[in-house]
Asks: 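After the C-alpha cells below, expect a handful of questions from me.
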Amino acid sequence: MYSSLLIEKENNIATLTINRPDKMNALNKTVLDELDRAIDELNADSSIRSIIITGAGPKAFVAGADISEFKGLNKEQAIAMAEKGQRIFKKIEDSSKPIVAAVNGFALGGGCELAMSCHFRLASENAKFGQPEVNLGLIPGYGGTQRLTQLVGKGKSMELQMTAHMIDANEAMQLGLVNHVTSPESLLERTKDILTVIQSKAPVAVGKVIECVNVAVVSDSAYTNGKSGFDKEVEAFGECFMTEDMKEGTTAFLEKRKANFKGK
Ligand code: COA
C-alpha cells in the first residue's frame, strides 16, 4: 500500500516508520504524500487510538527534506513545497489522537520539524537534532522557525538555526525539545508504555488537551500585518530559493564539498 512507509498496528497503537534508510529517511515527494494519506487513514481507523512516528534503520529518524528535489525549483514551486509540508505537519499537530515521535537517530531539517509537529518526543541516546538549512542557503520551511521557538525559546532557537549546530539527545532534553531519553533498544517500548497510559484516559478529553495546548502556542499575528509566523516562514523560504547561495549550498551538499557563500 505504501512504498516508503511501514505501518504496524498493535494494542490500538500504530507505529508509522519512514522507510528510506539508504537516504537517511529523507522526506521526498513520495514520503510526504504517503505520510499525508497515512495520517488520514489512521485518524479514520477506529481500531487505532494513538500513533508513533519513527525512522527505519539505526542511523536516522529523518535527515531532512530530500535535497536532491530542490534542484531547479523556482520561488513559486518552493513556496508550494513549504505550504504542502506545513499543511501535512499541521495535520499531525491537530490530530485528536496522540502522535508521538520516537527519534532514533538524526532528526535534521524537515526531520526535526516532523518530530516537532508531533505532540511530544522521546529520543534514543544516539539521536541528534538540528536545523542545518543555513548550510544550504535556506531556512526551515516546514514550521521549524515557529515550533523550535515555541519549544526551546527565542534565544536558543535563534542560535540553533543560525549556527546549524547539531545537539545530542541529552541537550535536547535539557532544552525541552524531547521529554525522555532512552537506549536505542528500549525507545519504542518506552514510547508505547506512555501511550498505553494515555489510552487508559478519556479519548475526548485527551483530544481537547491537544486542541487547547495547540491554541496556547500559536504566534501573535498582530505583529506582522495579519500574517502568522508560519505565513512569514513560507514567504522567506521562497525568497531563499531566488538566491545564488541556495544554489551553491544545495549543489555543494550533493557534490559532497563545502559551500562557498557570496551573500547573494
Ligand atoms: N536529502 C537527500 N539525500 C540525503 C539527505 C537529504 N536531506 N540526507 C542524507 N542524504 C543521502 C546522502 O546524500 C547519501 O546518499 P548517497 O549514499 O547516495 O551518497 C545518503 O543519504 C547517506 O548520507 P551520508 O551523508 O553519506 O551519511 P553520513 O553518515 O556521512 O551523514 C548526515 C549523515 C545526516 C549528517 C548527512 O547525510 C547530512 O548532513 N544530511 C543532510 C542534512 C540536512 O542538511 N538536512 C536539511 C535539509 S533541508
Side-chain angles (χ1 to χ4, degrees), residues 3-4 17-35 53-73 75 77-86 88-89 101 103-117 123-148 157 160-169 171-172 177 184 230 233-234 236-243 245-261:
S3 64
S4 304
T17 304
I18 316 279
N19 188 29
R20 294 182 77 208
D22 55 325
K23 293 287 180 190
M24 300 277 165
N25 303 320
L27 301 172
N28 63 6
K29 188 177 173 305
T30 305
V31 175
L32 275 183
D33 287 340
E34 291 189 352
L35 192 57
I53 298 183
T54 193
K59 286 187 78 170
F61 173 72
V62 166
D66 191 318
I67 298 166
S68 67
E69 290 186 346
F70 289 178
K71 219 174 159 205
L73 292 191
K75 183 177 171 182
Q77 290 165 320
I79 284 176
M81 183 169 74
E83 284 173 342
K84 177 178 168 181
Q86 281 200 6
I88 297 167
F89 288 9
V103 180
N104 57 309
F106 290 111
L108 302 176
C112 190
E113 292 173 293
L114 172 61
M116 291 191 297
S117 72
S124 57
E125 287 149 355
N126 63 322
K128 292 261 190 325
F129 296 80
Q131 295 292 160
E133 286 85 352
V134 291
N135 288 335
L136 304 167
L138 278 175
I139 64 165
Y142 295 169
T145 62
Q146 306 304 298
R147 292 196 181 95
L148 186 62
S157 175
L160 285 171
Q161 292 181 67
M162 291 195 282
T163 60
H165 278 161
M166 272 190 234
I167 57 172
D168 65 19
E171 191 174 351
L177 188 52
F230 288 94
E233 181 185 277
V234 164
F237 184 79
E239 282 163 7
C240 288
F241 270 75
M242 303 292 285
T243 64
D245 280 351
M246 180 271 166
K247 287 185 192 75
E248 165 63 9
T250 49
T251 307
F253 174 79
L254 296 170
E255 291 176 356
K256 302 188 188 292
R257 63 173 172 80
K258 202 170 178 314
N260 178 16
F261 293 127

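We count ligands from 1, going down the list as the structure has it; atoms in each ligand are counted the same way.
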Asks: Looking only at protein heavy atoms, identify the closest one to atom 24 (P) of ligand 1 and say how far it is in Å.
Replies: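 In this structure, atom 24 (P) of ligand 1 has M24 CE, 4.4 Å as its nearest protein heavy atom.
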Asks: Tell me, which protein residue and heavy-atom name are nearest atom 6 (C) of ligand 1, and how many Å apart are they?
Replies: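 Ranked first by proximity to atom 6 (C) of ligand 1 is A65 O, 3.6 Å.
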Asks: Is the shortest side-chain N to carboxylate O distance from E248 to R257 below 4.0 Å?
Replies: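 Yes, E248 and R257 are salt-bridged.
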Asks: Do S124 and N126 pair up side chain to side chain, a donor and an acceptor below 3.5 Å, judged on atom types alone?
Replies: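 Checked: S124/N126 side chains pair up, N/O donor to acceptor below 3.5 Å.
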Asks: How about E34 and S3: does a side-chain donor come under 3.5 Å of a side-chain acceptor?
Replies: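 There is such a pair between these side chains.
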Asks: Please confirm whether I67 comes within less than 3.5 Å of ligand 1 when only nitrogen or oxygen atoms on both sides are compared.
Replies: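 The answer is yes, given that I67 and ligand 1 share an N or O pair closer than 3.5 Å.
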Asks: Counting from 1, what ligand 1 atoms have a heavy atom of A26 closer than 4.0 Å?
Replies: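 Selected atoms, number and element: 1 (N), 6 (C).
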Asks: Looking at G238 and A78, what are the two nearest heavy atoms and their distance?
Replies: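 Scanning both residues, the minimum pair turns out to be CA-CB, 4.2 Å.
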Asks: If you have a sec, work out which protein heavy atom is nearest atom 33 (C) of ligand 1 and how many Å separate them, to one decimal?
Replies: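 Checked against all protein heavy atoms, atom 33 (C) of ligand 1 sits closest to F106 CE1, 3.8 Å.
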Asks: Enumerate the atoms of ligand 1 whose separation from the nearest heavy atom of L108 is less than 4.0 angstrom.
Replies: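 Within the 4.0 Å cut-off of L108, ligand 1 contributes 34 (C), 42 (C).
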Asks: So how far is it from I139 CD1 to C240 SG, rounded to the nearest 0.5 Å?
Replies: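 That separation rounds to 5.0 Å.
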Asks: Do S117 and E113 meet the criterion of a side-chain donor-acceptor pair at a distance under 3.5 Å?
Replies: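 No - no donor-acceptor pair under 3.5 Å links their side chains.
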Asks: Do any nitrogen or oxygen atoms of K256 come within less than 3.5 Å of a nitrogen or oxygen of ligand 1?
Replies: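 Min N/O separation from ligand 1 is below 3.5 Å for K256.
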Asks: With rounding to the nearest 0.5 angstrom, report the CE to CG distance, M246 to L136.
Replies: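 If we round to the nearest 0.5 Å, M246:CE and L136:CG are 7.5 Å apart.
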Asks: For P132, counting its heavy atoms only, list the atoms of ligand 1 lying under 4.0 Å from any of them.
Replies: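 The list of qualifying atoms is 43 (C), 44 (O), 45 (N), 46 (C).
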Asks: Which atoms from ligand 1 have a heavy atom of K59 less than 4.0 Å away?
Replies: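 Answer for ligand 1: 29 (O).
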Asks: Can you tell which part of D22 has a heavy atom less than 4.0 Å from ligand 1: side chain, backbone, both or neither?
Replies: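 Backbone only.
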Asks: Counting the benzene-type ring for Trp, do F61 and F129 have ring centres under 6.0 Å apart?
Replies: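 No, the ring centres sit 6.0 Å or more apart.
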Asks: Counting only non-hydrogen atoms of the protein, does one fall under 4.0 Å from atom 30 (O) of ligand 1?
Replies: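 Protein heavy atoms within 4.0 Å of atom 30 (O) of ligand 1 - there are none.
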Asks: Just going by heavy-atom distances, which of F253, F70, F237, Y142 is nearest to atom 38 (C) of ligand 1?
Replies: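 Result: the heavy atom closest to atom 38 (C) of ligand 1 is in F253.
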Asks: When you compare ligand 1 with A63, is there at least one nitrogen or oxygen pair between them that comes in under 3.5 angstrom?
Replies: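 Checking ligand 1 against A63, an N or O pair does fall under 3.5 Å apart.
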Asks: Check the angle between the aromatic planes of F241 and F70 and answer parallel, tilted or perpendicular using the 30° and 60° thresholds.
Replies: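 Because their plane-to-plane angle is over 60°, the rings of F241 and F70 count as perpendicular.
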Asks: Counting from 1, what ligand 1 atoms have a heavy atom of D66 closer than 4.0 Å?
Replies: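 Taking each heavy atom of D66 in turn, ligand 1 has 1 (N), 2 (C) under 4.0 Å.
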Asks: Are D66 and K29 within salt-bridge range, i.e. N to O under 4.0 Å?
Replies: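 Salt bridge: no.
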Asks: Do any N/O atoms on K23 end up under 3.5 angstrom from N/O atoms on ligand 1?
Replies: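 Yes; at least one N/O pair falls below 3.5 Å.
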